[in-house]
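Atoms within each ligand, like the ligands themselves, are counted from 1 in listed order. Numbers here simply count residues along the sequence, with the first being 1.
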Amino acid sequence: MSNATDNWWRSAVIYQVYIRSFADGDGDGTGDIAGLRSRLPYLAELGVDAIWINPWYPSPLADGGYDVSDYRDIHPTYGTLAEAEKMIAEAHALGLRVILDIVPNHTSDQHLWFQQALAAGPGSPERERYLFRDGRGEDGSLPPNDWHAAFGGPAWTRVPDGQWYLHLFAPEQPDLNWDHPAVHAEFDDVLHFWFDLGVDGFRIDVAHGMAKDPALPDLGLTEFSVLTGEGQDDHPHWDRDGVHDIFRRWRAIADGYPDRRVFVAEAHVRPGRLAHYLRNDELHTAFNFDFLKCPLEAGPLREVIDRSITDLAAVGAPPTWVLSNHDETRHVTRYGRAYTGVRSALLDQGAPSDRALGTRRARAAALLMLALPGGAYIYQGEELGLYEVEDLPEAALQDPTWERSRHTVRGRDGCRVPIPWSGTTPPFGFGPPGSVPWLPQPKDWTSYTAEAASADPASMLQLYRAALRLRRAVPAFTGEAFRWLDSPHGTLVFERGAGLLCAVNLSDQPLPLPDACQVLLASGPVGDRLLPTDTAAWLQRN
Ligand code: GLC
């Protein structure tokens with residue numbers, strides 16, 4: 001694609017394809033590249049700029065593919081490298097860029113390197129590529145330190161010869177040793193491999209976790225946020241300054257290509273720290289989890305929006321916005337609960353949710369997100385208004401969280417249920433008739449299919465299509481101009497240059513619309529120039 005659109009990523013709308021659940025071409029119950037290829041025209045019609053594909057590499061799927069056993073190939077269930085190349089070319093022909101997921105913090109325990117490390121034994125060079133240590137206690141039967149794994153339990157597993165290896169996630173995901181030159185060289189090469197194949201960028205998994213304090217000191221904390229290390233300075237494994245050297249090196253690799261290749265960081269870090277990842281010789285953008293996790297309330301939203309824009313502007317990076325992804329409860333469900341933000345799964349899972357209310361608010365949130373300056377992420381199915389499937393049978397649950405939490409946290413399968421495309425019975429066009437999706441779809445998804453939504457002018461899909469069309473057509477969306485306008489308590493009103501306004505009413509009173517404005521798009525009915533509660537509108541000054 002041309003240099004003229006070099007800065008496409010600064011305002012791109014990127015659609016997240018959780019490939020396992022997107023579309024199943026061969027009928028084995030799991031999504032695949034054939035399915036994705038068949039749905040590319042749908043994505044082009046939706047009006048997104050790029051797709052980000054969750055890991056599609058060979059993997060035992062102990063963590064849905066975030067346990068990679070070969071970084072230069074495609075999982076046979078998803079297809080072949082040749083199909084991947086065709087998919088990339090077809091996406092490009094439709095004007096869609098392609099971003100892959102790279103998982104550098106850990107490999108699968110089935111990766112050749114880890115198997116070699118196990119076979120070679122303690123003290124071997126093969127073990128140096130991971131973080132193997134002797135245990136504590138007289139016979140070494142205690143883990144080397146007190147770190148916790150993100151899915152529950154200790155972050156160490158013992159191997160038969162008595163040593164332990166570190167895994168910040170599941171035991172099937174051993175952490176790599178990023179102090180080892182071979183690890184750097186390997187990932188340099190993996191980046192080149194896919195860039196040479198034509199991919200436009202990478203989403204970097206656990207970008208804040210790759211550098212560890214070599215002393216591996218105890219955390220000594222009983223209470224802390226497992227993902228961010230909240231409340232602890234100089235954390236021994238999250239957000240250490242060492243990660244920035246890695247990203248400078250990666251940036252140089254991306255910049256070695258004549259057309260723009262980009263990175264987006266998945267970095268769960270404390271407020272103010274994200275900008276470090278986006279300095280102009282590091283990564284291009286990062287997910288805005290503060291926005292995703294924020295309750296749908298005007299005050300907190302305004303704070304997060306201000307902070308995001310200001311912090312990142314200081315390093316010249318655009319903000320991004322996201323409401324859902326494959327790790328979080330779908331926002332239709334969150335916004336229908338008494339507490340609309342994201343806290344810990346233990347507090348929120350199964351909390352009662354009013355689906356009609358959640359849907360109304362999700363519509364308003366979509367217009368808010370898509371009106372803000374910078375980039376935005378859409379998680380597959382959110383454009384269909386899908387809700388979290390909270391009643392999956394326990395026997396169907398596959399997220400390692402379920403086992404690792406000793407069946408106390410159900411985990412993330414409820415947002416990963418295969419997409420309903422058409423028809424009135426499962427598999428709803430996800431795969432050919434008679435195929436059985438890897439997670440069961442709710443029966444009432446008849447009314448949530450892309451086919452049903454396309455025929456319904458009031459559907460979530462039509463709202464997303466209209467919003468994305470306007471986002472491209474109205475020049476004020478192109479720039480990064482943004483300013484708040486005065487508005488009553490519980491509401492948000494802002495202007496994006498050239499008289500384009502977005503008004504969001506999260507108060508319990510109707511919000512009078514500004515004078516001399518026409519409504520371009522609204523998330524719900526607008527009565528007599530009054531914007532109802534839980535509704536948003538895009539307006540153009542006359
Ligand atoms: C990221 C991914 C998540 C995965 C974890 C470990 O947070 O989004 O799905 O489980 O990393 O790779």
Side-chain angles (χ1 to χ4, degrees), residues 14 16-22 31 52-69 71 75 99-111 114 130-131 147-153 155 157 166-176 178 187 190 202-210 212 225-229 237-239 243 263-269 274 277 283 286-290 292-293 320 322-330 342 344-345 377 379-380 388 397-405 409-417 439:
I14 301 181
Q16 180 187 351
V17 174
Y18 192 75
I19 186 159
R20 210 178 171 190
S21 302
F22 188 61
W52 146 40
I53 306 170
N54 286 102
W56 60 359
Y57 315 103
S59 161
L61 302 178
D63 180 23
Y66 283 96
D67 46 324
V68 179
S69 51
Y71 289 83
H75 194 301
I99 292 175
L100 300 187
D101 214 314
I102 192 161
V103 189
N105 180 66
H106 43 263
T107 69
S108 160
D109 61 350
Q110 300 305 309
H111 189 282
F114 194 72
Y130 292 90
L131 292 152
W147 296 1
H148 299 257
F151 298 140
T157 289
L166 178 73
H167 53 86
L168 293 182
F169 292 86
E172 295 86 351
Q173 296 166 295
D175 277 51
L176 285 163
W178 275 91
F187 278 86
V190 169
F202 286 95
R203 174 252 190 207
I204 305 170
D205 189 60
V206 196
H208 60 307
M210 296 151 76
K212 276 71 178 189
S225 160
V226 174
L227 261 187
T228 62
H237 62 74
W238 293 141
D239 193 24
V243 297
F263 293 110
V264 50
E266 185 216 24
H268 295 269
V269 295
L274 203 57
Y277 290 73
L283 307 177
F287 295 110
N288 188 343
F289 295 121
D290 292 342
L292 184 151
K293 295 185 172 177
T320 66
V322 59
L323 297 169
S324 279
N325 64 31
H326 65 294
D327 292 328
E328 303 291 348
T329 300
R330 283 192 178 274
V342 175
S344 87
Y377 285 83
Y379 176 47
Q380 68 179 35
E388 183 81 2
L397 297 179
Q398 306 217 6
D399 183 348
T401 306
W402 176 238
E403 288 303 326
R404 302 291 300 163
S405 70
V409 182
R410 289 173 63 90
R412 303 159 294 176
D413 293 311
C415 65
R416 301 175 175 179
V417 174
L439 287 173

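- Close approach of ligand 1 to H326 (heavy-atom distance below 4.0 Å) involves ligand atoms 2 (C), 3 (C), 8 (O), 9 (O).
- Ligand 1 has a nitrogen or oxygen under 3.5 angstrom from a nitrogen or oxygen of D327.
- With a 4.0 Å cut-off on non-hydrogen atoms, F151 touches ligand 1 through its side chain and not its backbone.
- Relative ring orientation between H208 and W238 is described as parallel, the plane-to-plane angle staying below 30° on a 0-90° scale split at 30° and 60°.
- Here the shortest heavy-atom pairing between L439 and R416 reads CD1-O, 3.8 Å.
- Between the side chains of Y71 and T107, no donor-acceptor pair is found at a separation under 3.5 Å.
- Nearest residue to atom 4 (C) of ligand 1 from L168, D63, I204 is D63 (criterion: closest heavy atom).
- Relative orientation of the Y18 and Y379 rings is perpendicular, given thresholds of 30° and 60° on the angle between their planes.
- Of the charged side-chain nitrogens involved, none lies within less than 4.0 Å of a carboxylate oxygen, so that D399 and R404 do not count as a salt-bridged pair.
- When all heavy atoms of D67 and A62 are compared, the pair lying nearest together is OD2-N, 2.5 Å.
- When each atom of ligand 1 is checked for a heavy atom of V206 under 4.0 Å away, the hits are 11 (O).
- For ligand 1, the atoms closer than 4.0 angstrom to any heavy atom of R412 are 3 (C), 4 (C), 9 (O), 10 (O).
- Within the listing of ligand 1, atoms 9 (O) sit less than 4.0 angstrom from a heavy atom of R416.
- Note: H326 and Y66 meet the aromatic proximity criterion, with ring centroids under 6.0 Å apart.
- Within ligand 1, counting atoms from 1 as listed, the ones closer than 4.0 Å to a heavy atom of H106 are 6 (C), 12 (O).
- At a 4.0 Å heavy-atom cut-off, ligand 1 touches R203 through the side chain alone.
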